[in-house]
Amino acid sequence: MSKNILVAVAWPYASGSRHLGHIGGAYLPADIFARYHRVIGNNVLMVSGSDAHGTPITVRADEEGVEPIDIVNKYHAEFLDYWEKLSISWDNYTTTMTDNHKDVVHRIFLKLLENGYIDKQKTLQAYDPVDNKFLPDRYVEGTCPKCEYKEARGDQCDGCSATLDPEELLNPVSKLSGNPAEFKETEHFFLKLSLLGKELMPWLETKTDWRPHVINWAKSFVKEGLKDRAITRDLEWGIDIPVDDLGDEKKIYVWFEAVIGYLSASIEWAKNNGNEDAWKDWWENEDAQSFYFIGKDNVPFHSVIWPAILAGYENLNLPTNVPANQYILIKGEKASASRGVGKSLSDYLSEWQPDALRYTLASVLPEQSDSELTEDEMIRRNNEELVATWGNLVQRVFTLIRNNNEAINTPSALESVDQKLLDQASEAFNDIGRKIEAVELKSALQESMRYVSKVNVYLNETEPWKVLKEDSNRGGRILYTALQAIDACANLLYPFMPTTSKKVSGAIPKDTENSWNLNEIKIGAELTEIGHLFKKFD
RNA sequence: GGCGGCGUAGCUCAGUUGGUAAGAGCGCACGACUCAUAAUCGUGAGGUCGGCAGUUCAAGUCUGCCCGCCGCUACCA
């Protein structure tokens with residue numbers, strides 16, 4: 001009865017550091033979703049990796065006087081450090097530099113070629129005759145033919161925001177070298193989106209549960225009529241084209257191969273785990289589901305182009321859902337930074353507990369529209385919601401129990417207030433589970449915290465610190481019930497805050513081991529000191 | 001220009017297919033409690049749902065126009 005769930009997460013571009021917005025936009029929601037599904041017994045395969053190719057990386061390498069691989073290695077290592085510190089639970093986090101990835105890309109390329117979905121077309125391309133290289137549109141500069149703005153780029157003019165073709169520019173020069181640019185004919189492979197796109201609309205029509213901003217975008221993109229799109233470039237840094245009729249100065253363009261990473265990372269995972277065909281359970285099994293966690297800037301590739309590639313290849317599952325997030329806008333970041341540009345993710349990771357950072361980001365996930373987050377708000381949530389509401393609740397109950405250990409050994413029967421609290425926990429597991437499955441994570445977290453508050457209410461109503469003085473059996477039952485509820489809270493919060501939740505849950509002796517339901521607490525066991533779960537910021 | 005999104009209490013946001021007197025958290029005011037990292041709990045004030053005009057028995061929720069912010073327009077991925 002357990003399902004196979006592929007959790008595919010955007011491939012971070014290894015050309016620069018990530019920031020909080022990236023984490024909240026893709027990696028954190030993916031991890032919350034994956035952890036939940038594992039906990040309820042589904043087979044999760046969560047994959048991603050560092051995107052190693054593309055022009056920004058080579059440009060950066062040139063600027064720093066190093067090789068592209070040095071840039072990639074630097075940021076890949078940095079990313080691995082983030083994942084470790086943030087408890088992002090990959091099944092496989094790899095890169096696009098592996099032989100495996102190259103092989104898979106080649107297999108897809110050749111199959112699409114064979115199926116007639118890739119062909120060759122000639123185009124005119126800006127060229128630097130001094131450096132002997134072709135220039136991407138955005139690295140050509142010149143005077144805008146429409147507004148005469150002097151520094152218009154080949155793809156658009158920043159002066160009048162017109163969309164341009166580079167050959168329209170007057171006096172075009174290379175932005176990289178300053179040399180005058182020429183235009184030369186070059187031949188490239190194109191993905192025949194004009195053919196593949198036709199099957200996409202009926203498929204998109206079935207996606208009634210996608211987020212409005214995602215499905216609207218995808219449909220209008222297809223409706224406008226998809227154009228064939230070049231999938232090779234005149235580059236040195238990238239994956240070779242598996243056929244040699246264009247010469248070896250061309251490479252597969254990054255956007256085409258990076259999305260294939262989801263598949264190649266799955267295949268690599270299978271190999272590493274000793275069952276080469278295991279990946280098929282997620283990609284060929286019709287009952288498997290796939291969720292692509294990305295930022296809104298990636299919607300075209302995941303809602304249209306990647307499905308088109310998959311459809312052209314045949315027999316591979318198309319995305320079940322693409323729960324793309326909008327942006328988290330971190331305000332006040334600049335003001336709080338001591339060294340110029342603003343706080344880096346590394347700064348936050350060194351100042352914040354991982355779970356607290358996960359919590360504050362999860363509480364503002366931009367699932368519908370951009371959301372604003374200030375550092376004051378982050379601190380407020382940490383201090384009031386984590387320290388005061390949840391952390392304090394745990395401390396409250398643990399201390400009560402440790403000071404009244406004999407009482408909890410002989411609890412009296414359940415009363416209706418106790419039963420009500422436990423019933424509410426059962427409801428919470430159902431409701432919150434449903435929300436996470438629908439990728440309504442922000443709302444799921446809010447509801448989890450609402451249950452935490454109910455436990456505080458329960459304590460205020462039952463006042464065990466008073467009751468214990470007169471009726472230790474009744475007091476014992478209240479504490480026992482509160483402890484059971486706290487264990488439920490820890491389970492509910494586990495997908496969001498795995499480290500602290502495990503700490504709480506692990507400190508409670510139990511007769512059952514439910515990870516997404518209420519547990520029976522072992523009667524007569526002693527609680528160990530757990531310490532403060534969260535640190536308060538001054 | 002075209003396409004799309006957004007504009008709901010001071011702040012951050014929810015508001016299913018239009019239907020009981022518009023919601024949450026924070027902040028604010030007042031109160032209860034004292035087991036707990038002075039933490040917890042309760043009550044209350046506060047909104048003509050960007051503007052105007054329509055459709056309808058009924059609109060935050062549909063239509064048109066307008067204002068403001070943002071994104072995309074395909075060699076940024």
Side-chain angles (χ1 to χ4, degrees), chain A residues 10-13 15 51 53-56 123 125-126 134-140 153-156 161-163 165-166 188 193 212-214 216-221 223-231 233-234 253-256 258-259 294-302 304-305 326-327 329 331 363-374 376-377 380-381 383-389 391-404 440 442-443 446-447 449-450 453-461 463-468 475 479 482 531-536:
Chain A
W11 289 58
Y13 213 10
S15 65
D51 185 348
H53 303 302
T55 312
T123 59
Q125 182 84 34
F134 283 96
L135 299 167
D137 288 359
R138 53 200 284 257
Y139 290 111
V140 186
R153 293 192 323 212
D155 52 349
Q156 75 166 55
S161 72
T163 307
D165 283 328
H188 281 290
L193 286 169
H213 74 271
V214 177
N216 286 343
W217 204 98
K219 282 182 179 173
S220 69
F221 190 43
K223 209 179 289 173
E224 281 172 28
L226 298 177
K227 291 189 272 188
D228 297 345
R229 204 174 155 114
I231 57 170
R233 302 270 85 186
D234 296 280
Y253 192 40
V254 63
W255 71 259
F256 179 76
V259 283
I294 58 169
K296 64 175 166 185
D297 51 339
N298 252 322
V299 167
F301 287 89
H302 294 78
V304 175
I305 296 179
Q326 311 244 16
Y327 294 144
L329 308 172
K331 291 207 289 190
S363 60
V364 294
L365 289 179
E367 292 170 339
Q368 307 298 338
S369 54
D370 292 349
S371 62
E372 311 267 4
L373 184 61
T374 61
D376 283 350
E377 173 75 358
R380 200 224 93 219
R381 284 189 186 274
N383 289 353
E384 294 184 20
E385 298 176 14
L386 290 181
V387 174
T389 305
N392 178 58
L393 171 65
V394 173
Q395 193 63 22
R396 206 181 176 189
V397 172
F398 268 59
T399 304
L400 277 167
I401 290 177
R402 284 165 58 77
N403 292 341
N404 296 279
E440 294 170 13
K442 182 165 63 173
S443 170
Q446 282 170 357
E447 198 166 333
M449 289 305 287
R450 214 166 287 145
S453 289
K454 283 176 183 165
V455 185
N456 272 321
V457 172
Y458 170 80
L459 290 174
N460 280 32
E461 283 176 352
E463 301 182 305
W465 51 91
K466 283 185 185 167
V467 174
L468 281 162
L479 296 184
H532 292 155
L533 278 189
F534 300 99
K535 277 182 305 197
K536 193 167 174 175

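Every chain is numbered from 1 and lettered A, B, ... according to where its sequence line falls, protein lines coming before strand lines. The analysis underlying the following values was restricted to heavy atoms, covering all of them including side chains, and did not include hydrogens, waters or symmetry mates.
- Between the CG atom of Asn383(A) and the P atom of U37(B) there is a distance of 15 Å, given to the nearest Å.
- When distances are taken from the side chain of Thr399(A) to each of A74(B), A36(B), A77(B), the shortest belongs to A36(B).
- There is a side-chain donor-acceptor pair under 3.5 Å between Gln326(A) and His213(A).
- The residue Tyr327(A) sits apart from the nucleic acid: no heavy atom pair falls under 4.0 Å.
- Straight-line distance from the NZ atom of Lys296(A) to the P atom of C6(B): 11 Å, rounded to whole Å.
- Side chain of Leu400(A), nearest nucleotide from A77(B), C35(B), C72(B): C35(B).
- Base pairing of A74(B) is not made with any nucleotide, judged by Watson-Crick or G-U wobble geometry with both donor-acceptor distances under 3.5 Å.
- The same atom, P, is picked in G10(B) and in U48(B); the two are 8 Å apart, to the nearest Å.
- Minimum atom distance to the side chain of Gln395(A) is reached by A36(B), of the listed A36(B), C3(B), C33(B).
- In this structure, of A77(B), C13(B), A36(B), it is A77(B) that holds the atom nearest to the side chain of Val254(A).
- The distance between atom CG of Leu459(A) and atom C1' of U34(B), rounded to the nearest whole Å, is 13 Å.
- Note: CG (Leu373(A)) to C1' (C11(B)) measures 13 Å, nearest angstrom.
- Looking at heavy-atom distances under 4.0 Å, Lys223(A) makes no contact with the nucleic acid at all.
- Ser363(A) comes within 4.0 angstrom of no nucleic acid atom, judged by non-hydrogen atoms across all strands.
- Here the closest heavy-atom approach between residue His53(A) and residue Tyr13(A) is recorded as O-CE1, 2.7 Å.
- A14(B) is unpaired under the Watson-Crick or G-U wobble criterion, no partner having all donor-acceptor distances under 3.5 Å.
- Trp255(A) does not carry Arg233(A) over the face of its six-membered ring by the limits of under 6.0 Å from the centre and within 45° of the normal.
- Distance Leu386(A) CG to C26(B) P: 13 Å, rounded to the nearest Å.
- Across the protein-nucleic acid pair, Trp217(A) atom CH2 and A74(B) atom P stand 10 Å apart, rounded to whole Å.
- The OH-P distance, from Tyr458(A) to C41(B), rounds to 16 Å in whole Å.
- Using a distance-only test at 3.5 Å, with no hydrogens or angles considered, a donor-acceptor pair links the side chain of Ser371(A) to the main chain of Val364(A).
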Nucleic acid footprint by protein, nucleotides 27-32 of chain B - heavy-atom cut-off 4.0 Å, B for base, S for sugar-phosphate alone: S-----
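- An OP1 or OP2 oxygen of C33(B) is reached within less than 4.0 angstrom by no side-chain nitrogen or oxygen of Lys466(A).
- Closest to the side chain of Trp465(A), from the set C75(B), C41(B), U34(B), is U34(B).
- The same atom, P, is picked in C49(B) and in G42(B); the two are 30 Å apart, to the nearest Å.
- Taking side-chain N and O atoms only, Thr374(A) has no distance below 4.0 Å to OP1 or OP2 of C11(B).
- Within the 4.0 angstrom heavy-atom criterion, no nucleotide atom of any strand lies near Gly475(A).
- Contact annotation for Val457(A): backbone-only contact, meaning every heavy-atom pair under 4.0 Å involves sugar-phosphate atoms and none involves a base.
- In terms of position along RNA chain B, the nucleotide closest to Thr389(A) lies nearer the 5' end than the nucleotide closest to the other residue of the pair Leu193(A) and Thr389(A).
- When each of U37(B), C13(B), C41(B) is scored by its nearest atom to the side-chain atoms of Lys536(A), the top-ranked nucleotide is U37(B).
- Taking atom P on both nucleotides, C70(B) is separated from G18(B) by 32 Å, rounded to a whole Å.
- The distance from atom CG of Leu365(A) to atom P of U12(B) is 17 Å, rounded to the nearest whole Å.
- Scanning atom types as modelled, one donor and one acceptor separated by under 3.5 angstrom connect the side chain of Asn392(A) and the base of A36(B).
- Base pairing annotation: G7(B) forms a Watson-Crick or G-U wobble pair with C67(B), both donor-acceptor distances under 3.5 Å.
- Judged purely by atom type and a 3.5 angstrom limit, Asn383(A) has no side-chain atom pairing as donor or acceptor with the backbone of Lys536(A).
- The phosphate of C26(B) has neither OP1 nor OP2 within less than 4.0 Å of any side-chain N or O from Arg381(A).
- Of all nucleotides present, only C28(B) satisfies the Watson-Crick or G-U wobble test against G44(B), with each distance under 3.5 Å.
- At the heavy-atom level, Gln446(A) lies nowhere under 4.0 Å from the strands shown.
- Contact between the side-chain N/O atoms of Asn403(A) and the OP1/OP2 oxygens of C35(B) is not found at any separation under 4.0 Å.
- A heavy-atom distance below 4.5 Å is not found between the side chains of His188(A) and Ile231(A).
- When distances run from any side-chain atom of Asp51(A) to the nucleotides A77(B), G25(B), C3(B), the shortest one goes to A77(B).
- Among the protein residues, Ala230(A) comes within range of no part of the nucleic acid, since none of its heavy atoms lies under 4.0 Å from any strand.
- Gln125(A) comes within 4.0 angstrom of a base, heavy atoms only.
- As judged by a 4.0 angstrom heavy-atom cut-off over every strand, Asp297(A) is placed among the base-contacting residues.
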